[in-house]
Amino acid sequence: MTNQDNESMEVAYLALGRLIAGECPVGFETASLHMETDEDGTRLWITAAQPDGTKVRLQPGAGAARDILESLRGIRNAMAREGGVVWRSCIVTLKAGGGFAMEVE
């Protein structure tokens, strides 16, 4: 991957992280976006954990879901162009202070 490709992916990850964080309660400690695609369609949900350990499961609103799926599609397509496989599900985890991790299947 070229440096420009790396920078483009960093921007894409940052944008996705912001979309996820925008759906979470203020002050969340961690948030995990789950996306699954199968023959029945695509499902999205977010699990956000507060500092006191309280967990909340959220469904992104229609507009946010569309934007998140579009962002994920762009990331998936970029990964496929770089020789990866096209994945059908993922978990994106955000941590307070800027942590970001993405697992794909």
Side-chain angles (χ1 to χ4, degrees):
M1 210 181 274
T2 67
N3 192 32
Q4 184 176 7
D5 291 337
N6 285 335
E7 288 177 17
S8 294
M9 290 303 289
E10 290 294 322
V11 169
Y13 292 140
L14 180 61
L16 176 59
R18 287 181 176 162
L19 288 169
I20 297 167
E23 292 298 296
C24 294
V26 173
F28 73 92
E29 188 170 271
T30 62
S32 296
L33 168 76
H34 299 259
M35 188 276 294
E36 295 177 353
T37 302
D38 59 25
E39 58 276 348
D40 295 327
T42 301
R43 290 174 301 287
L44 281 179
W45 71 93
I46 298 170
T47 303
Q50 296 295 97
D52 67 0
T54 303
K55 291 186 179 180
V56 179
R57 184 170 166 159
L58 312 157
Q59 291 295 135
R66 182 192 65 242
D67 294 343
I68 289 169
L69 287 172
E70 183 177 311
S71 182
L72 287 169
R73 191 173 303 114
I75 291 169
R76 182 180 60 205
N77 291 343
M79 288 177 161
R81 282 192 303 272
E82 294 300 323
V85 296
V86 176
W87 40 269
R88 296 177 58 92
S89 65
C90 70
I91 299 173
V92 179
T93 303
L94 304 179
K95 293 184 181 176
F100 181 98
M102 185 170 183
E103 300 173 40
V104 298
E105 293 182 22

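Side-chain atoms are counted along with the backbone in the values below, which use heavy atoms only and exclude waters and symmetry mates.
- Side-chain heavy atoms closer than 4.5 Å link hydrophobic residues (I, L, V, M, F, W, Y) into clusters, and following such links, possibly through other members, connects Ile75 to Val104.
- Minimum heavy-atom separation, Trp87 to Leu72: CH2-O, 3.8 Å.
- Annotation for Ser71 and Leu19: closest pair CB-CD1, 4.0 Å, computed over non-hydrogen atoms.
- Cluster membership check: Ile68 shares its hydrophobic cluster with Met79, using side-chain heavy-atom separations under 4.5 Å among Ile, Leu, Val, Met, Phe, Trp and Tyr.
- Two different hydrophobic clusters hold Leu33 and Ile91 under the rule that ILVMFWY side chains link at heavy-atom gaps under 4.5 Å.
- Counting only residues at least two apart or in different chains, side chain to side chain donor-acceptor pair (under 3.5 Å) contacts with residues 35-49 comprise Glu36-Arg43, Thr37-Thr42, Asp38-Arg43.
- Once rounded to the nearest 0.5 Å, the distance linking CD of Gln50 with SG of Cys24 reads 8.5 Å.
- Annotation: side-chain contact (heavy atoms from CB on, under 4.5 Å) contacts of Ala15 (sequence neighbours excluded): none.
- Few gaps surround CD on Gln59; more than 12 heavy atoms of other groups in view lie less than 6.0 Å from it.
- When all heavy atoms of Leu94 and Gly17 are compared, the pair lying nearest together is CD1-O, 3.4 Å.
- For the atom pair CG of Leu16 and CE of Met102, the computed distance is 6.5 Å after rounding to the nearest 0.5 Å.
- Arg81 pairs by the side-chain contact (heavy atoms from CB on, under 4.5 Å) definition with Asn77, Ala78, not counting sequence neighbours.
- Taking OG1 of Thr93 as the start and NE2 of His34 as the end, the distance is 7.0 Å to the nearest 0.5 Å.
- If you take CG on Asp67 and CD on Glu23, they are separated by 9.0 Å, rounding to the nearest 0.5 Å.
- Looking at every heavy atom in both residues, Phe28 comes nearest to Ala96 through O-CB, 4.0 Å.
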Could you go through the side chain to side chain contact (heavy atoms under 4.5 Å, CB included) check for Leu14 and Glu10 one step at a time?
-> CA-CA 6 Å; Leu14 180 61; Glu10 290 294 322; over 6 Å; no
List the steps, then state whether side chain to side chain contact (heavy atoms under 4.5 Å, CB included) holds for Met35 with Leu69.
-> CA-CA 9 Å; Met35 188 276 294; Leu69 287 172; 4.1 Å; yes
